[in-house]
Every structure is written in C-alpha cells, then in structure tokens.
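I have placed the structure first, in the form of structure tokens, so that the comments after it can refer back to it.
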Amino acid sequence: MKWLLSFLALVLLAYGLGRGYYPLARLKKDVARLETRRQAASATSSIAPRLRNGDLIFQTSQSAQSRAIQLATHSAYSHCGILFQRAGEWRVFEAVQPVSETSLAAWVARGAGGRFVVKRLRDAETVLTPPVLRRLRAAGEQYRGRNYDLYFGWSDERIYCSELLWKMYYQATGRQIGQLQHLREFDLSHPAVQAKMRERYGNKLPLDELVISPVRMLESPELVTVE
C-alpha cells in the first residue's frame with residue numbers, strides 16, 4: 001500500500017504543477033490498473049500452494065468478442081488456459097494471438113475484475129502421473145506460436161482457447177473434457193452475437209462446425225473445483 005500512496009503523491013504533484021504528465025482520465029485508469037495488478041498478485045499468491053500442473057483456469061475475458069461469447073453460451077466465462085509451473089513460477093499456457101504463455105498474476109489481472117476459477121481433473125492424483133504430464137506439455141507445445149482462430153474452426157491450423165485445452169487433454173489422456181457442440185446449438189439470437197457472426201462469416205454461417213466452449217469445459221463432470 002505504501003508504494004501505491006507514494007505513486008499517487010508523485011502523480012498528483014505533477015498534475016498539480018500543470019506539467020500535463022497525468023491528465024485526470026489517465027490518472028484514474030492508471031490507478032485502477034495498479035489496483036487490479038495488486039489484487040491479482042494477492043489472489044495468485046494465496047492460491048499458488050494449492051495449484052498443480054495441468055489445472056485449468058477460467059476467467060471473463062475483456063476482449064472484443066467476449067460479450068458475444070457470453071451471450072451465445074449463457075456464461076460469464078469466455079476464456080481459459082492451462083497451468084504449468086516453470087522455474088518455480090506458475091504460468092498460464094493459452095490460445096491468444098499467438099498461442100503462448102504468461103505469468104499467472106498477469107493473466108488474472110487481464111480478466112474482468114481479476115476473477116477466476118481453477119478446475120482440476122477429478123482423478124488427477126492417479127491420472128496425471130509424470131509421464132502423462134510430459135505428454136500434456138508436449139501436446140500443448142505443438143501448438144505454440146499458432147495463430148488464434150477467430151472463426152472457431154476445428155482444424156489444427158489455427159486454434160482458440162478451449163479448443164487448445166480440449167485437444168491437449170484428449171491427446172495426452174484420451175479424456176474428453178467438456179461436451180462438443182455444433183455451432184447451431186449455441187444461442188445466436190442476440191444482436192451482438194449476430195453482428196459478430198456476420199463480421200466473421202458473412203452470410204455463410206458454418207452451423208455444423210464442431211465447437212468446444214469454455215463453459216462446457218468448466219461444467220464438465222470430469223473436473224472438480226480448486227478455487
């Protein structure tokens with residue numbers, strides 16, 4: 001808290017002197033960003049001792065398409081990643097642009113309100129042995145650097161967040177985490193969803209395309225809640 005107060009004091013001094021370094025609107029955004037990062041660091045520090053390699057983490061993304069995903073799936077959760085510990089630090093491997101990884105604290109801070117849910121394979125103790133975890137990592141590494149799939153296709157050329165996690169687990173364990181659906185099964189009635197669909201597909205909607213949504217993975221009976 002002391003560092004935050006010191007930062008605010010310096011910012012307000014600069015603003016008060018008329019230097020123009022921190023206009024009020026920017027000041028509010030910077031303060032909010034710093035507070036979000038502080039909360040994310042606190043939350044991740046609290047849960048870190050309970051995490052295991054292969055845990056799945058879900059959040060409400062603040063991306064441009066997140067609202068459409070939430071409306072179409074009737075769920076607040078629109079993004080997900082998989083957790084691995086590297087050199088003592090928890091990292092989130094995810095399909096963004098491109099498929100890559102980031103620190104857990106930075107990932108949490110990026111989501112709406114810093115909120116997240118961690119899920120784990122229900123029988124992880126017996127299934128996720130060291131050899132299986134190596135296969136799980138290897139399954140993910142083959143996609144590293146791939147472009148994000150804006151069209152939610154089922155091919156491996158491009159890939160989206162829940163598709164990445166589903167395929168990693170299926171390839172490493174043979175388990176299907178979440179029920180696959182066809183695009184036509186989602187709620188496509190909201191104007192925001194329809195606008196996004198037209199933006200992506202024009203008038204030719206691939207209604208028979210297989211899709212795995214974040215919420216179908218989140219609610220899978222194959223998983224239990226960690227946090």
Side-chain angles (χ1 to χ4, degrees), residues 33 36-37 40 44 51 53-70 72-73 75-112 114-119 132-173 176-178 180-181 183 186 193 195-202 205-206 209-218:
R33 189 179 300 112
T36 297
R37 290 176 181 173
T44 54
L51 297 177
N53 285 307
D55 285 349
L56 304 182
I57 186 166
F58 300 80
Q59 68 177 192
T60 301
S61 169
Q62 300 190 78
S63 69
Q65 68 181 7
S66 178
R67 178 62 176 157
I69 293 173
Q70 293 175 62
T73 62
S75 170
Y77 295 99
S78 57
H79 186 54
C80 51
I82 185 167
L83 288 157
F84 290 110
Q85 193 172 39
R86 299 184 189 276
E89 178 189 35
W90 283 106
R91 311 279 294 175
V92 182
F93 189 67
E94 59 179 338
V96 282
Q97 179 52 32
V99 175
S100 55
E101 64 180 73
T102 188
S103 71
L104 174 57
W107 193 90
V108 169
R110 209 173 65 207
R115 296 181 297 274
F116 62 92
V117 173
V118 177
K119 292 278 189 168
V132 172
L133 282 172
R134 287 194 290 273
R135 290 204 301 270
L136 190 61
R137 285 179 184 261
E141 286 299 322
Q142 69 179 313
Y143 298 108
R144 185 184 288 272
R146 298 278 177 92
N147 288 324
Y148 182 79
D149 190 356
L150 290 170
Y151 300 95
F152 302 109
W154 195 244
S155 76
D156 291 346
E157 184 178 353
R158 295 171 179 265
I159 198 157
Y160 57 90
C161 66
S162 41
E163 179 192 11
L164 173 67
L165 273 52
W166 195 97
K167 288 182 174 179
M168 286 175 64
Y169 258 94
Y170 185 69
Q171 291 169 23
T173 69
Q176 298 186 30
I177 311 298
L180 295 176
Q181 298 174 278
L183 187 59
F186 292 91
V193 177
K196 186 60 67 175
M197 296 283 283
R198 285 194 299 272
E199 175 188 316
R200 297 284 168 80
Y201 306 111
L205 303 184
E209 187 72 45
L210 281 177
V211 180
I212 181 66
S213 66
V215 69
R216 281 291 173 266
M217 296 196 75
L218 178 80

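Keep in mind that the numbers below use all heavy atoms, side chains included, and drop hydrogens, waters and symmetry copies.
- To the nearest 0.5 angstrom, Glu209 atom CD is 13.0 Å from Gln181 atom CD.
- One N or O on the side chain of Tyr201 and one on the backbone of Tyr151 form a donor-acceptor pair closer than 3.5 Å.
- Expressed to the nearest 0.5 Å, how far OH of Tyr148 lies from OG of Ser100 amounts to 12.5 Å.
- Gln65 contributes atom CD, which lies 8.0 Å from atom OG of Ser78 (distance to the nearest 0.5 angstrom).
- The pair Arg137-Glu141 does not count as a salt bridge, with every side-chain nitrogen at least 4.0 angstrom from each carboxylate oxygen.
- Between Met168 and Phe93 there is a side-chain heavy-atom pair separated by less than 4.5 Å.
- Contact of the Asn53 side chain with the Trp90 side chain is registered, since non-hydrogen atoms from C-beta on lie closer than 4.5 Å.
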**OP:** Evaluate the criterion side-chain contact (heavy atoms from CB on, under 4.5 Å) for residue pair Val96 and His79; output intermediate values, then yes/no.
**Re:** CA-CA 9 Å; Val96 282; His79 186 54; 4.1 Å; yes
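- Taking the charged nitrogens against the carboxylate oxygens, Arg110 and Glu94 do have a contact shorter than 4.0 Å, which makes a salt bridge.
- A heavy-atom distance below 4.5 Å is found between the side chains of Tyr160 and Val211.
- Remark: the Ser61 side chain and the Ser66 side chain contain no N/O donor-acceptor pair separated by less than 3.5 Å.
- Listed here is the closest heavy atom pair of Leu218 and Lys119: O-CE, 3.3 Å.
- Contacts classified as salt bridge (Lys or Arg N to Asp or Glu O under 4.0 Å) and involving residues 53-68 (residues at least two apart or in different chains) are given here: Asp55-Arg120.
- Residues passing the side-chain contact (heavy atoms from CB on, under 4.5 Å) test with Thr73, sequence neighbours excluded: Ile69, Ser75, Phe186, Ser213, Val215.
- The two atoms that bring Lys167 and Ser155 nearest to each other are NZ-O, 3.5 Å, heavy atoms only.
- The side-chain heavy atoms of Ile177 and Leu165, taken from C-beta on, include no pair separated by under 4.5 Å.
- For Glu89, the side-chain contact (heavy atoms from CB on, under 4.5 Å) test picks out Arg91, Ser103, with sequence neighbours left out.
- Ion pair Asp156/Arg146 not flagged as a salt bridge, since none of the NZ, NE, NH1 or NH2 atoms sits closer than 4.0 Å to an Asp/Glu carboxylate oxygen.
- Within the 4.5 Å cutoff, no side-chain heavy atoms of Ile57 are placed close to those of Ile82.
- Counting heavy atoms from C-beta outward, Leu150 and Arg200 have side chains that approach closer than 4.5 Å.
- The structure places CZ of Phe152 at 12.5 Å from CZ of Arg158, a figure rounded to the nearest 0.5 Å.
- Trp166 has its ring centre less than 6.0 Å from the ring centre of Trp154.
- Minimum interatomic distance between Pro214 and Cys161 (heavy atoms only, all atoms of both residues): CG-SG, 4.1 Å.
- Taking CH2 of Trp107 as the reference point, atom CD of Glu101 lies at 14.0 Å (rounded to 0.5 Å).
- Here the side chains of Asn147 and Ile159 are not in contact, with every heavy-atom distance at 4.5 Å or above.
- Counting only heavy atoms from C-beta outward, the side chains of Leu56 and Met217 approach each other to under 4.5 Å.
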Subject >> side-chain contact (heavy atoms from CB on, under 4.5 Å) between Phe116 and Phe58, worked out >> reply: CA-CA 5 Å; Phe116 62 92; Phe58 300 80; over 6 Å; no
